[in-house]
**Student:** 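Sharing a structure here in structure tokens format.
As a basis for the values below, the full set of heavy atoms in this structure was taken, side chains included, without hydrogen atoms, waters or symmetry mates. As the structure lists them, so they are numbered: ligands from 1, and atoms in each ligand from 1. The shown structure was predicted, so the numbers you read here are calculated from the model rather than taken from an experiment.
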Amino acid sequence: MEALEYASQCVFERLETTRASCVLILGSGWSDVANAFDLISEIPYINIPGMGAPGVAGHAGCLRHCRSGSEDILIFQGRRHWYEGHGWTPVAIHVYIARQAKARAVFLTNAAGGITEDMTPGDLMMITDHINAMGDNPLIGPHDATWGQRFPDQSAIYHETLRGDLISAAGATGAELKEGVYLATSGPTYETPAEIRSYRALGADAVGMSTVPEAILANAAGIKVAGISCITNFAAGVSPEPLGHDEVLETTERVMPTMTAIIREFVTHVCSEPA
Ligand code: HPA
């Protein structure tokens with residue numbers, strides 16, 4: 001916790017705000033979404049103690065303080081992953097900063113493999129719930145009231161009101177928004193076809209290597225959570241093609257304008273709601 005507090009103090013000393021209505025954590029390839037908002041100040045991850053340098057292509061590695069109307073928002077251009085092997089601190093920093101900024105909402109994006117038949121590359125899927133198949137949990141360890149109760153309720157992590165806001169935002173932009181359950185593995189390997197068959201049987205619609213830890217932490221801290229997965233590829237065995245990160249980035253780039261439009265609309269709406 002001391003590491004998180006130190007990181008957060010360094011961030012708020014450098015940024016021109018200590019508050020944010022909404023915090024976006026943008027996954028693989030989504031950093032350019034930040035260009036839709038007025039930039040006020042920014043801090044490269046390299047200058048955030050404990051965050052470390054970006055390790056994955058497509059993760060710019062910068063925290064931007066932007067404005068949506070008159071509201072301050074924070075945008076993390078790139079996230080940290082558990083598979084990077086530095087423990088939970090780099091993953092938790094984003095959410096801790098959101099908590100310290102008294103954010104009303106944390107919005108998460110990721111790239112994911114489509115498991116169910118109707119999840120095809122290029123689709124956007126609003127996350128309705130998740131399955132933690134990472135084999136770990138960021139809240140393991142001594143109880144710290146920063147993250148709420150010892151045993152946080154998770155019956156409705158992806159907040160109903162925000163889900164409604166996302167549906168309206170997609171409607172306003174004319175984009176199709178599918179809905180489904182996101183399953184997270186630890187990575188960094190993609191899944192085997194047998195694993196994907198088992199995840200389908202468990203009720204997962206899409207699979208990835210992120211998002212779930214941040215959602216667990218934000219929910220535990222009492223922050224509303226919403227998220228969208230971009231289906232960048234068919235999951236292993238769904239199509240005969242082998243999987244690769246290039247395909248993930250290509251699809252992300254193709255869907256960027258739609259994703260950006262939805263997020264801009266969504267953030268404008270969330271920021272205009274009474275606190
Ligand atoms: N599996 C896991 N993570 C992913 C995938 C996938 O198929 N696509 C993008 N991220």
**Student:** Checking side-chain contact (heavy atoms from CB on, under 4.5 Å) for the pair R79/E214: CA distance, chi angles, key distance, verdict?
**Tutor:** CA-CA 10 Å; R79 57 157 53 84; E214 294 100 323; 2.7 Å; yes

**Student:** Between Q9 and E5, is there a side-chain donor-acceptor contact under 3.5 Å, judged purely by atom types and distance?
**Tutor:** yes

**Student:** Please determine which of L26, V23, L24 meets the side chain to side chain contact (heavy atoms under 4.5 Å, CB included) test together with F76.
**Tutor:** V23

**Student:** Hey, are R67 and E71 close enough for a salt bridge, meaning a charged N less than 4.0 Å from a carboxylate O?
**Tutor:** no

**Student:** Counting heavy atoms not belonging to R200, are there more than 12 under 6.0 Å from its CZ?
**Tutor:** yes

**Student:** Output the set of protein residues with a heavy-atom contact under 4.0 Å to ligand 1, ordered first by chain identifier and then by residue number.
**Tutor:** A111, A112, G113, Y190, E191, V207, G208, M209, T232, N233, L243, V248

**Student:** Salt bridge check, R19 against D72: does any charged N sit closer than 4.0 Å to a carboxylate O?
**Tutor:** no

